[in-house]
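For reference, the structure discussed in these notes is given below.
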Amino acid sequence: MALKYIELILKGILIGLGKIIPGVSGSLIAMSLGVYEEAVGRITYFFKDIPRNVTYFFFLGMGAMLSILFGSRIVLFLLSHSYSPTIFLFAGLVLGAIPTIRSKIENKNIRYFGTLIFFILLLNIGLSLKGTHTFIYENNFIGNMQVGIIGFLEAFTMIVPGISGTSLFISLGYYSFIMELFSTIFSILKTDIQIPIVFVSFFIVGVYIVSILMNYLLKKQERLTYTMILAFSYSALFFMIKDAFVHCSGIFEILSAPFLFYIGFYLCKKIE
């Protein structure tokens, strides 16, 4: 039993890292690790077995929170000093998740490929858009509503596989704010406690609503849902690799790319 909880913590750590690395989807990592469908189902029917569900999410959430709270500083450091190697490593994690998703789609016919191409093109257009502003929090109604929107978007990108919350926040100009929130949460609790209260409130509501939606789609529109997730994954992988090569600063980083890419892929398949 203890081994099961340790495994949940370790998986939570990887999912948490997936939340803060640009281009990576925490829920996609969760899917590749075999916890996504169970987690969504437990959230949707949370009140049917509260003790077991609380225990499950306590250990999974512990790993994710440890990863986000302490890993955010490490990730910011790595992205500042070794951007390309870090992105290559996590691109391997994304690639490792793709076979798991593809295996869930049977009868790959013309309609499947048409839907896949449509969503890939749609995502490529969306991911190509970059925001020109950076959100600066002000303690007023509009500022707090924006914090609430960020909390809801965090829930949405956490639950919907393949959509990178980090990439979305960068495009909307929220990335610096949310990374600062995660990395300095303890000091914020002493000074601006309304920020985490608003964020968490909207986040919890968002998790519940989006989980119900995804649980419905996985049961009623399974093929379409997994095709959409696969399109998100291919698009994210393409932009991550492209971005990593663009930011390569020397021959060493270029030569180390395949090795780091494989490490990420191997790590994902090993823990799956």
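The residues of the chain are indexed from 1 along the displayed sequence.
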Where A155 and G206 come nearest, the two heavy atoms and their spacing
CB-C, 3.6 Å
Tell me, with the steps shown, if F203 and I150 meet side chain to side chain contact (heavy atoms under 4.5 Å, CB included).
CA-CA 8 Å; F203 174 78; I150 294 171; over 6 Å; no
Answer yes or no: are there more than 12 heavy-atom neighbours, outside Y56 itself, under 6.0 Å from its atom OH?
yes
Between L218 and Y226, is any pair of side-chain heavy atoms under 4.5 Å apart?
yes
Could you state the interatomic distance from CZ (R52) to OG1 (T55), rounded to the nearest 0.5 Å?
9.0 Å
Closer than 3.5 angstrom, by distance alone: can the side chain of T225 be matched with the main-chain N or O of L217 as a donor-acceptor pair?
yes
State whether the side chain of S201 and the backbone N or O of I197 hold a donor-acceptor pair below 3.5 Å, judged by distance alone.
yes
Less than 4.5 Å apart, side chain to side chain, heavy atoms only: is that true for L8 and F58?
no
Nearest 0.5 Å, please: how far is CD1 in I98 from OH in Y234?
5.5 Å
Roughly how far apart are T227 OG1 and R102 CZ, rounded to 0.5 Å?
11.5 Å
May I ask you to check whether over 12 heavy atoms, not counting those of F46, lie within 6.0 Å of atom CZ?
yes
Hey, are the side chains of V207 and F156 touching, using non-hydrogen atoms and a 4.5 Å cut-off?
no
Approximate separation, where rounding is to 0.5 Å, of I9 CD1 and S67 OG
12.5 Å
Side chains of F202 and L153, heavy atoms from C-beta outward: is any pair under 4.5 Å?
no
Would you indicate whether Y208, at its atom OH, is surrounded by more than 12 heavy atoms from other residues, nucleotides or ligands within a distance under 6.0 Å?
no
So for atom CD1, which belongs to I110, do other residues, nucleotides or ligands contribute more than 12 heavy atoms lying within a distance under 6.0 Å?
no
Closest approach of I241 to A91 (non-hydrogen atoms, all atoms of both residues)
CG1-CB, 4.3 Å
Would you say F88 and F245 make side-chain contact, with heavy atoms under 4.5 Å?
yes
How far does CD1 of I263 sit from OG of S256, to the nearest 0.5 angstrom?
9.5 Å
Hey, are the side chains of Y36 and V40 touching, using non-hydrogen atoms and a 4.5 Å cut-off?
yes
Answer whether the closest heavy-atom distance between the side chains of E154 and F199 falls below 4.5 Å.
yes
Can you tell me how far apart CD (E222) and CG (L224) are? Round to the nearest 0.5 Å.
11.0 Å
Would a 4.5 Å heavy-atom cut-off, applied to side chains only, mark Y45 and N215 as touching?
yes
Considering all heavy atoms, the nearest P99-L95 contact:
CD-O, 3.1 Å
